[in-house]
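In what follows, chains carry the letters A, B, and so on, assigned in the order in which the sequence lines appear, proteins first and then strands, with residues in each chain numbered from 1.
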There are 2 protein chains.
Amino acid sequence: MSIKGVETRTRILREALGQVSKIGFEGLTLGPLADQLGLSKSGLFAHFGSREELQLAVLQLAAEDFRREVLEPAVHQSPRGLRRLLAILKRWFNRYPEGGCVFLAGSAEYDDRPGAMRDALADFHLQWRSALATALRQCQQLGELEPEVDVDQVAFELFAIAAGGHHDYRLYGKQAGGRVKAAVERLLRSCGAAPEKLIWK
Amino acid sequence: MSIKGVETRTRILREALGQVSKIGFEGLTLGPLADQLGLSKSGLFAHFGSREELQLAVLQLAAEDFRREVLEPAVHQSPRGLRRLLAILKRWFNRYPEGGCVFLAGSAEYDDRPGAMRDALADFHLQWRSALATALRQCQQLGELEPEVDVDQVAFELFAIAAGGHHDYRLYGKQAGGRVKAAVERLLRSCGAAPEKLIWK
DNA sequence: ACAAAAAACGACCGGTCGTGCTAAAACTGG
DNA sequence: CCAGTTTTAGCACGACCGGTCGTTTTTTGT
């Protein structure tokens with residue numbers, strides 16, 4: 001693969017990711033994508049052996065973006081414990097007003113269609129859930145959350161709040177933000193978090 | 001419209017609803033639907049002026065089913081308060097192992113596509129949320145939940161649990177049921193519900 | 001039983017989709 | 001600068017889609 005090869009490939013993937021976050025993976029079609037990039041349909045197609053390969057590459061790019069923009073800055077900038085957990089959640093939920101979440105939309109599109117896309121999506125969610133559980137476990141070790149709570153259960157409930165908030169964001173607009181915040185606070189409070197430590201700085 | 005007219009129309013809608021719950025509203029296509037029913041595509045098409053009319057009719061049928069199978073039996077069989085609320089939730093969540101929820105799938109499909117389908121879906125979710133809030137308010141009036149809790153907020157959180165549970169059901173299978181139950185119990189507990197009253201009979 | 005009305009059919013249209021194939025164009029290393 | 005490789009374009013295909021239209025069959029009211 002030449003220099004120009006990887007350049008156009010990433011150009012394609014960036015544009016494709018933008019389109020997917022608006023119209024979903026199934027809405028992504030080669031013709032309009034090629035037009036938007038000033039390429040021919042077959043020229044674009046040659047970079048990936050099939051449409052599914054393109055979709056998988058887009059999903060992988062989205063996953064890399066997500067880790068880089070949500071998890072990594074929170075880990076680097078905030079100390080272990082509630083501070084870091086809240087930093088993660090803030091960066092996570094702040095993505096929703098910006099546009100549709102490709103992981104939630106993707107799950108809805110492929111949950112009844114076995115194949116590589118479904119597998120990759122299931123894997124992403126599993127990894128993310130485990131990252132949340134790790135952050136929660138560190139809170140426990142610091143005594144900021146009660147030791148008897150099931151961190152996997154709490155990770156599920158955080159994800160559920162995200163899913164519900166995303167739904168309301170997409171359907172009813174920005175008013176959903178307050179609901180998400182209040183839900184997280186109630187959840188963490190019920191796990192023994194001190195109210196004065198729940199600051200969304 | 002003749003007798004036979006409404007008969008086949010409802011036959012079409014029943015079959016269409018079954019297909020939609022498997023492959024979504026956008027996956028519903030006239031040809032295969034007609035084949036499955038032993039009708040010609042154009043014969044089926046004549047019952048609805050357009051595909052969107054068919055989709056809207058399917059959504060309306062699904063909404064009637066939902067009210068009839070979830071809300072109404074709980075209202076008729078359980079007294080106001082936590083008993084009724086839990087009866088509603090049980091019937092609601094029991095639908096998820098059976099097949100995909102057309103309302104959640106529909107929201108994901110149309111949240112970025114203005115039109116009659118999006119409007120109808122937004123309306124359904126609004127109505128359902130309000131029915132949940134009513135049941136919660138009755139709990140408050142009976143002293144089974146603290147009076148200062150925001151019932152609309154709790155209704156959102158119940159919906160979020162449903163959305164998260166549905167996601168996990170579709171992607172990871174039946175193990176999600178326990179997570180949903182535990183999440184509801186934590187939520188209602190944090191609203192002042194007595195633990196011994198949280199029985200999923 | 002019969003005429004009007006409704007329902008169902010079958011062929012077809014224009015359009016879009018993913019995908020192969022071949023040739024031209026552009027880039028790359030020596 | 002040139003040979004060899006890679007990237008891109010052009011074109012066509014087969015499949016599938018929603019929708020139209022004129023005709024035929026079935027149902028309905030009397």
Side-chain angles (χ1 to χ4, degrees), chain A residues 1-20 22-59 105-106 109-110 112-118 120, chain B residues 1-20 22-59 105-106 109-110 112-118 120:
Chain A
M1 211 157 37
S2 75
I3 303 260
K4 173 125 188 222
V6 302
E7 271 177 4
T8 41
R9 194 189 144 97
T10 60
R11 251 185 69 225
I12 293 171
L13 288 178
R14 276 273 156 241
E15 173 65 28
L17 178 53
Q19 295 198 7
V20 165
K22 286 176 194 154
I23 52 179
F25 285 98
E26 283 308 289
L28 182 70
T29 53
L30 302 181
L33 177 59
D35 289 349
Q36 189 67 28
L37 289 159
L39 290 180
S40 72
K41 197 170 61 155
S42 58
L44 184 153
F45 183 78
H47 281 270
F48 314 86
S50 67
R51 188 167 90 118
E52 193 181 28
E53 285 296 325
L54 168 62
Q55 291 168 325
L56 284 167
V58 171
L59 180 58
E109 293 183 81
Y110 294 102
D112 50 8
R113 208 176 307 182
M117 282 298 288
R118 201 194 113 108
Chain B
M1 211 154 41
S2 74
I3 302 262
K4 173 118 190 234
V6 303
E7 269 178 4
T8 42
R9 193 190 145 96
T10 60
R11 250 186 69 225
I12 293 170
L13 288 178
R14 276 273 156 244
E15 173 64 28
L17 177 53
Q19 294 199 7
V20 165
K22 286 177 193 151
I23 53 179
F25 285 99
E26 283 307 290
L28 182 69
T29 54
L30 302 180
L33 177 58
D35 289 348
Q36 189 67 29
L37 289 159
L39 292 178
S40 70
K41 196 172 63 157
S42 57
L44 184 154
F45 183 80
H47 281 270
F48 315 86
S50 68
R51 188 168 91 117
E52 192 181 28
E53 286 295 325
L54 168 63
Q55 291 167 322
L56 284 167
V58 170
L59 180 58
E109 293 184 82
Y110 294 102
D112 51 8
R113 208 176 308 183
M117 282 298 287
R118 203 194 113 109

Next on the checklist: Less than 4.5 Å apart, side chain to side chain, heavy atoms only: is that true for A/Q19 and A/Q36?
Outcome noted: yes
Checklist entry - Got B/L30 and B/F48 here, is their nearest side-chain heavy-atom distance under 4.5 Å? => result no
So, taking the atom named [atom1] in [X] and the one named [atom2] in [Y], what distance separates them when rounded to the nearest 0.5 Å?
| X | Y | atom1 | atom2 | answer |
| --- | --- | --- | --- | --- |
| B/E26 | A/E109 | CD | CD | 10.5 Å |
| B/L54 | B/L28 | CG | CG | 5.0 Å |
| B/I12 | B/R9 | CD1 | CZ | 8.5 Å |
| B/L44 | B/L33 | CG | CG | 5.0 Å |
| A/T29 | A/I23 | OG1 | CD1 | 6.0 Å |
| B/R118 | B/R113 | CZ | CZ | 12.0 Å |

Checklist entry - Which angle, rounded to 10°, do you find between the first-five-pair axis and the last-five-pair axis of the helix from C/dA1-D/dT30 to C/dG30-D/dC1? => result 30°
Using whole Å, report how far [atom1] of [X] lies from [atom2] of [N].
| X | N | atom1 | atom2 | result |
| --- | --- | --- | --- | --- |
| B/D35 | C/dG10 | CG | P | 11 Å |
| A/I12 | D/dT7 | CD1 | P | 11 Å |
| B/L39 | D/dT25 | CG | P | 17 Å |
| A/Q55 | C/dG18 | CD | C1' | 11 Å |
| A/R9 | D/dT8 | CZ | C1' | 16 Å |

Heavy atoms only, 4.0 Å cut-off, all strands: where does [X] land among base, sugar-phosphate and nothing?
| X | answer |
| --- | --- |
| B/A46 | nothing |
| B/L44 | nothing |
| B/G38 | sugar-phosphate |

Checklist outcome for this item: With the side chain defined as heavy atoms from C-beta on, A/S40 is closest, among D/dA9, C/dC9, C/dA7, to D/dA9
Next on the checklist: Tell me every residue that passes salt bridge (charged side-chain N to carboxylate O under 4.0 Å, His left out) with A/E15, counting only those two or more places apart in sequence or in another chain.
Outcome noted: none
Checklist entry - Hey, is the side chain of B/H47 poking within less than 4.0 Å of OP1 or OP2 on C/dA8, counting only N and O atoms? => result yes
Extract from the structure each pairing of a protein N or O with an N or O of nucleotides 18-20 of chain D at less than 3.5 Å, listing the distance.
from: D/dG18; atom 1: OP1; to: B/R51; atom 2: NH1; distance (Å): 3.3
from: D/dG18; atom 1: OP2; to: B/L30; atom 2: N; distance (Å): 3.1
from: D/dG18; atom 1: N7; to: B/K41; atom 2: NZ; distance (Å): 3.1
from: D/dG18; atom 1: O6; to: B/K41; atom 2: NZ; distance (Å): 3.4
from: D/dG19; atom 1: OP2; to: B/R51; atom 2: N; distance (Å): 2.7
from: D/dG19; atom 1: O6; to: B/K41; atom 2: NZ; distance (Å): 3.2

